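Read the structure below first, then the notes.
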Amino acid sequence: MASHAIPTHASAASPSSEQTGLWSWLTTVDHKRIGILYLYTALFYLLVGGLEALLIRTQLAKPNLHVVSAETYNQLFTMHGTTMVFLVVMPLSAAFFNYLIPLQIGARDVAFPRLNAFSYWVYALGGLFITLPIFFGLAPNGGWFGYAPLSGPTYGGGFNMDFWVLGLQILGISSLAAAFNFITTIINLRAPGMTLMRMPMFTWMSFVVQFLIVLAFPVITAALFFLQFDRFFGTQFYEVSAGGDPLLWQHLFWVFGHPEVYILILPAFGLVSEVLPTHSRKPLFGYNVMAYSGIMIGFLGFGVWAHHMFAVGMGPVADSIFSVATMLIGIPTGVKIFNWIATMYGGSLRFPTSMKFAIGLIAMFTIGGISGVMHSSPPSDLQQTDTYFVVAHFHYVLYGGAIMGIFAGIYHYFPKITGRFMSEKIGSWHFWLNFIGLNLTFFPMHFSGMLGMPRRIYTYDAGQGWDLFNLMSTTGTYMLMIAGLVFAYNFFSSRQRGAAAGNDPWGAPTLEWSIPSPPPEYNFAQIPEVASRYPMWDLKAPDRTEGIAHSHADAATIADAHAVPVHEETERRSAKELGIPMPFPTIKPFMVALGILILFSGLIVLHAGHFALAMATMLGGAAFMVGSLYAWLTSPLE
Amino acid sequence: MLKLHLRRFAPAAALAVALLVLAACGGEYPNSTFSRHTELNEGAVFLWDRMMLLGTIVFVIVEVLLVYTIFKFRRREGGPGPRQIHGNAALEITWTAIPALILVFIAVPTVRTIFENQRKAPAEALQVEVIGHQWWWEFRYPQYGIVTANELYLPIGKTVNFSLQTRDVLHSFWVPQLGGKRDLIANKVNHIWFTPSASMEPTALNGACVEYCGASHANMRFRTFTVTPAEFERWAAHQKTVAMGSPAAIAAAAAADSAAKAAAKSPVVRAASVVPAVALAPHTDSSSAPEAWVFPAEKIAAYAWPQTPLPATKFDEALLASGDAATGRALLTNPANLGKAPCLTCHVIKGETNYASDDNAKGPNLTHVGSRHTFGAGLYRLDAKSLALWIKNAPAMKPGSQMPTFGAGEYNPAIKAAVPAAAGLDDKQIADIVAYLRSLK
Amino acid sequence: MATAAAAGAHEAHEHAHYTTTGLNHRKIAMWAFIGSECMLFGSLISTYLVYKGRSVVGPFPHEAWTSPTGQVFKPILNIPVTSASTFVLLMSSLFMVLALAAVENKGKPGYEGLLGSSKFWLAATAAAGATFLGFQAYEFTSFVHEGLTIKTNLFGSSFFTLTGFHGTHVAVGVLWLMTMLFIDMKRGLQPKDAINIDIMALYWHFVDVVWIIIFALVYLIK
Amino acid sequence: MSTDRVHADHVHEHPTWKQYKWVALWLFIITVAEVWAYYIPALVNSKAFVPSILLMMVVKFTIVVMFYMHLKYDHHLFRKLFTGPLTIAGITLVAFLFLFGKL
Ligand code: HEA
Ligand code: HEA
Ligand code: CUA
Ligand SMILES: [Cu+2]
């Protein structure tokens with residue numbers, strides 16, 4: 001990671017020496033560099049999660065194979081799910097939150113730069129905490145939703161689920177801290193004139209996502225605390241013999257879990273909503289409706305959790321309520337799909353790789369959405385739940401939706417981040433391999449599922465009518481792996497040798513394209529004053545924004561921010577020359593994160609039976625954390 | 001650009017083709033959820049069909065619009081610039097209202113079906129208690145006083161009301177051909193009921209545990225035999241007695257008394273109450289003894305025969321032919337052998353002196369194990385060799401199995417060491433036990 | 001999470017910078033944090049209520065119970081003591097607003113003497129918080145003596161977890177108050193510092209509000 | 001950087017000392033009423049007990065939030081930030097009670 005230097009060709013001013021080297025990455029509080037850290041780390045985990053998937057699929061290529069043992073397989077799918085959800089898609093979204101939100105709203109940084117660094121380090125360390133045990137055969141093995149009592153001390157007594165409970169708790173801290181940060185940033189750091197209804201759609205969707213995080217994560221935090229106390233301190237929350245109710249865990253988990261899936265998809269929706277208008281040369285169709293439907297999805301997302309529990313016997317009334325509520329979500333989501341198509345309709349379309357992926361998302365997510373609606377009907381879902389049909393559903397929305405959207409975002413923003421283009425030719429290969437591989441992998445799962453194949457089985461018998469479909473899925477997975485490697489090659493080689501990109505390589509409408517690529521540390525030398533949703537088109541292609549309301553911020557606000565009309569910034573000067581105060585780099589957020597990690601590790605030691613050592617570790621970790629925190633809070637920001 | 005065109009439609013085409021294939025040769029898909037064997041699944045399939053139709057329409061509309069747009073509005077050099085439209089209220093309302101309408105057509109029958117399925121089962125229904133264990137199934141017929149494992153018999157044309165419980169973690173009960181699943185949840189009794197339709201052929205169906213339950217979740221399967229009501233009664237009448245033809249039965253025959261006979265015939269015996277089975281009389285007198293009816297092996301289709309490969313555990317197979325049931329029985333039942341063959345501390349065999357009762361037995365009831373076609377939760381065919389290997393080293397055949405390793409010198413994962421030669425069973429002893437178990441028809 | 005919120009202090013650089021709404025960064029973050037805490041305590045309270053009456057063995061909150069040895073115990077919750085601690089916590093909220101008013105109006109007429117002193121009110125608030133914690137410590141130890149621990153039954157697990165979480169929040173609040181008091185004594189808080197007290201007060205009142213709910217749902221309703 | 005914008009949240013008028021004390025008095029009175037109610041067996045056994053305790057709880061809650069946390073006087077944004085989550089938390093809690101057969 002340290003080798004990632006910002007390419008120097010793009011500007012006259014080379015990054016100052018303090019901006020390179022490991023130490024600078026450990027201490028950075030620049031939202032862009034933190035975004036890059038998120039990006040690299042999450043891509044690394046994508047590879048890890050992909051390798052886990054590859055092993056899973058290899059084991060299932062044929063009936064009664066024995067590539068991995070049952071126990072290993074169970075760890076693999078648990079870690080695959082956990083990795084992809086918490087260590088890949090959420091952090092990839094976070095990479096974009098970090099990099100883009102301040103740029104899109106015309107801010108110089110996030111509201112709390114050091115808290116931002118803290119979020120990243122908690123994620124990075126928490127990711128290691130939950131992943132490394134797999135090398136010792138101790139990885140979590142209770143499934144990504146860790147149903148009690150299998151995840152509790154009585155039936156899951158080993159260390160495996162300890163790492164899961166604690167790891168998720170750590171990752172939750174990271175997500176929550178980031179969410180408070182971005183909520184404040186979006187509310188309070190928008191450039192003059194940028195009303196809520198002028199924010200770029202990606203920022204809008206991110207805004208909704210932050211609220212989902214703020215509301216959903218406390219619930220799993222509570223559920224995990226109960227499990228953690230059961231496992232380490234002998235409480236009885238999920239202890240069957242004491243009358244504990246396994247359904248409590250399920251309800252709490254899914255109150256979190258369902259909003260979580262929208263946490264995964266909405267940022268991708270946002271990215272696609274940036275890509276499509278740009279390459280259609282047309283504003284986003286139905287902007288207001290798009291924003292409101294995002295809010296609707298988020299809101300309704302809190303009222304449908306029990307559709308994951310149609311088989312537990314909740315009774316007809318609850319089944320009906322949750323079923324109908326679930327179906328309702330199809331409506332705002334459909335609105336988004338149709339508005340995207342309408343955005344392209346009548347446009348002047350260009351198909352760089354980012355656009356291909358964006359269109360791919362529309363096509364593929366629809367499939368996953370429709371199978372989702374099929375799940376929402378309990379009598380029918382009882383034949384689908386816990387089969388490969390569900391696996392098909394959620395990979396279409398997650399891989400065909402979230403991952404495709406994120407790839408669209410990576411191709412779109414790569415020039416902004418690095419100052420260079422990614423290769424379109426290789427990108428095209430990547431897209432098509434990915435597109436075919438994805439359908440080859442996941443489409444047959446609809447069949448294996450409806451033909452009776454349960455999920456989470458490490459092996460299956462011959463003659464069940466599943467062989468062909470499984471072989472197809474496995475073949476597709478190898479294709480996806482090749483696609484992934486093609487992408488990796490494209491990514492790294494373009495970073496070194498890609499064609500230089502200017503401020504605004506795509507002719508895009510929003511503020512981030514008005515500044516140099518890569519942006520200077522202070523982002524905007526002068527804060528722009530925004531008069532409409534598409535400031536860059538106002539500047540360069542005013543015909544595209546004619547029908548949209550324009551207005552100017554009041555003079556006082558402009559004066560406050562020293563704002564100037566939107567313009568392209570091409571000069572690159574240092575913050576000092578411009579007199580822009582920048583936050584100091586600091587190691588303290590990293591140290592606080594480390595303290596948290598040590599604190600939690602103490603519990604593992606406790607489980608191992610070394611009481612004194614455990615206490616020492618926990619107290620030491622806590623003291624280290626609190627000390628670093630005080631040091632952080634009492635040192636000036638800039 | 002034609003290739004793009006084709007690929008967009010490939011999934012739809014594949015779907016259509018595969019559905020045709022499905023309709024044509026259902027036999028190839030033995031666990032298909034599209035069967036119409038029960039009213040429960042009729043409802044599910046009806047909803048599925050409707051959603052499939054509406055879903056396909058939505059899918060086609062979206063993808064056609066998308067593909068059309070992509071082709072129609074490609075950027076052309078010198079072509080006209082885009083028409084700048086930013087929104088349209090009428091359109092927004094349309095594509096909100098139409099999906100809402102579609103959903104009404106799904107929601108209404110959904111809710112109706114939910115309430116239909118979850119009515120109380122008819123009072124005269126056959127009651128079956130399903131009890132989940134890590135990783136096998138216990139089935140009880142309280143109206144008959146039968147406790148059995150891993151093989152479920154259901155009479156055609158009769159409503160069956162299942163009550164579902166678990167002894168440990170969560171499991172889920174599912175026979176894909178008969179209808180939707182229901183979870184087994186600790187501290188809760190769940191219910192599901194359906195009627196195998198009267199027009200159904202007697203047949204063997206696969207079932208599975210579909211809630212992740214630990215190491216051998218994949219190996220927690222079972223067989224369902226749907227049989228005619230007459231066959232069911234014959235099977236049941238036999239199952240509630242002790243095994244015919246076993247050494248125990250022969251030994252006890254002399255002591256049979258009529259009072260016990262009456263007890264055995266009383267139709268409603270709680271499963272638990274049959275544990276001290278010594279009171280039950282064996283039926284040696286062919287006139288009154290129920291015939292030992294089980295689902296005929298030759299009628300079991302290939303898909304219902306397990307094909308799990310056997311492990312590499314060595315066994316002197318020559319011994320199997322000469323296994324002696326009476327010796328085997330002595331090994332199991334003589335308290336002196338409890339250290340070596342503690343089988344009856346975990347298993348119940350009606351008619352023998354048991355150390356466990358049906359309510360606390362850790363393993364499956366073995367009273368009629370010889371009359372089963374499969375064992376180990378549907379994982380293996382019940383033949384002499386598989387059984388012998390199982391007794392020798394069950395965990396090697398089923399990861400995590402709670403049945404310990406008994407073979408002398410075999411590696412026992414529970415104690416992470418080999419079973420000492422003196423403490424374990426040798427191949428000869430195992431062969432005798434196998435012979436005895438197989439005699440438990 | 002408390003860490004996350006606390007990390008906000010001194011973090012923002014709003015002093016010199018433009019903000020869209022004119023509102024303080026940390027205050028916005030604090031309200032978002034409080035929103036989040038609603039869900040946390042909502043989950044904890046839900047759990048307590050769901051498990052109410054489902055414990056297999058005693059002691060119980062509102063019912064007398066007989067131990068396996070035949071001893072009869074009375075209901076375990078001690079309403080008089082808890083009423084007193086509730087009162088103390090409520091009054092601490094009053095002290096808190098008075099402390100805020102004292103900082104905001106420092107030097108203005110009507111804010112002289114002890115009753116106009118922010119130090120006094122900060123100290124009073126912290127003392128009330130500490131008293132509440134003392135009551136809680138007393139309650140917990142007496143429960144343990146009566147045979148109720150976090151391991152005893154579902155009631156014990158959910159009760160101690162819920163009230164323990166609340167107590168932890170109070171403890172963090174007391175630390176925060178003492179830090180502010182320390183600063184006040186060292187350099188004297190001025191009206192420009194009021195925002196810091198304001199934010200701390202929001203946290204403190206929220207903790208109080210949670211107790212209002214716990215007191216009613218856990219202690220009073222049988 | 002005009003200061004009046006930066007401190008916009010402070011131009012809203014705050015409750016006064018006097019109000020604070022009235023509020024405290026009300027809180028005290030309601031708390032006394034709550035505890036009192038707990039000791040009237042006839043009331044405790046009647047259907048009115050739970051609703052009346054809940055009502056008093058809600059009133060106290062509202063008073064503290066409105067006056068002590070000065071949500072009544074502060075920027076509308078804060079009100080949204082608080083009532084939104086509070087509503088969702090409340091609905092979830094009620095849903096739980098329903099799902100677990102407590103309602
Ligand atoms: C990105 C993540 C994501 C997204 C966006 C969704 C979206 C949806 N999901 Fe999915 N879901 C998951 C991730 C996701 N899901 C995961 C991970 C699981 C499994 C968890 C586990 O068990 O491990 C799961 C499981 C799951 C279940 C439980 C299945 C089971 O276990 O039995 C259900 C049940 O209702 C469901 C429903 C839905 C619905 C109705 C939507 C809707 O939001 C979809 C809406 C979209 C559309 C409908 C398409 C576009 C709309 C139109 C073109 C308009 C016209 C359409 C109609 C009128 C139908 N999902
Ligand atoms: C975002 C989420 C996500 C994603 C992307 C994926 C991706 C994939 N998943 Fe998975 N999956 C889940 C979420 C996800 N999954 C979840 C939540 C579960 C449930 C777990 C549970 O039951 O508990 C699950 C379960 C699951 C199962 C069921 C296991 C079982 O029930 O027994 C299977 C089986 O085939 C599977 C397969 C795959 C495959 C083949 C991919 C492929 O798409 C993967 C392809 C990707 C690669 C091959 C990597 C490519 C590499 C790169 C791109 C590297 C780039 C690197 C740099 C530039 C440095 N997944
Ligand atoms: Cu039992 Cu899975
Ligand atoms: Cu869901």
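Quick note on labels: first sequence line is chain A, next is B, and so on, each numbered from 1. Since we're looking at a predicted model, the values are computed, not measured.
- With a threshold of 4.5 angstrom between heavy atoms, A:S320 approaches chain B through its backbone and through its side chain.
- Residue contact with chain B, scored on non-hydrogen atoms closer than 4.5 Å, involves the backbone and the side chain of A:V373 alike.
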Practice prompt. Given ring-ring contact (aromatic ring centres under 6.0 Å, His included), test A:F447 with B:Y29 step by step and report yes or no.
Written response: CA-CA 10 Å; A:F447 296 106; B:Y29 300 113; 8.8 Å; no
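- A salt bridge is defined here as a Lys NZ or Arg NE, NH1 or NH2 lying under 4.0 Å from an Asp or Glu carboxylate O, and A:D386 with B:R182 fails to meet this definition.
- Within the 4.5 angstrom heavy-atom criterion, atoms from both the backbone and the side chain of A:L150 approach chain B.
- Only the side chain of A:I370 comes within contact range of chain B, with at least one heavy atom under 4.5 Å from a heavy atom of that chain.
- If you measure heavy-atom distances from A:F77 to chain B, the contacts under 4.5 Å come from the side chain alone.
- With a threshold of 4.5 angstrom between heavy atoms, A:W466 approaches chain B through side-chain atoms but not through N, CA, C or O.
- For chain B, the nearby part of A:F310 is the backbone; its heavy atoms alone come within less than 4.5 Å.
- Ion pairing between B:D183 and B:K188 fails under the 4.0 Å rule for side-chain N and carboxylate O.
- If you measure heavy-atom distances from A:F389 to chain B, the contacts under 4.5 Å come from the side chain alone.
- At a cut-off of 3.5 Å, with distance as the only test, no side-chain donor of B:N31 or B:Y303 sits close to an acceptor on the other residue.
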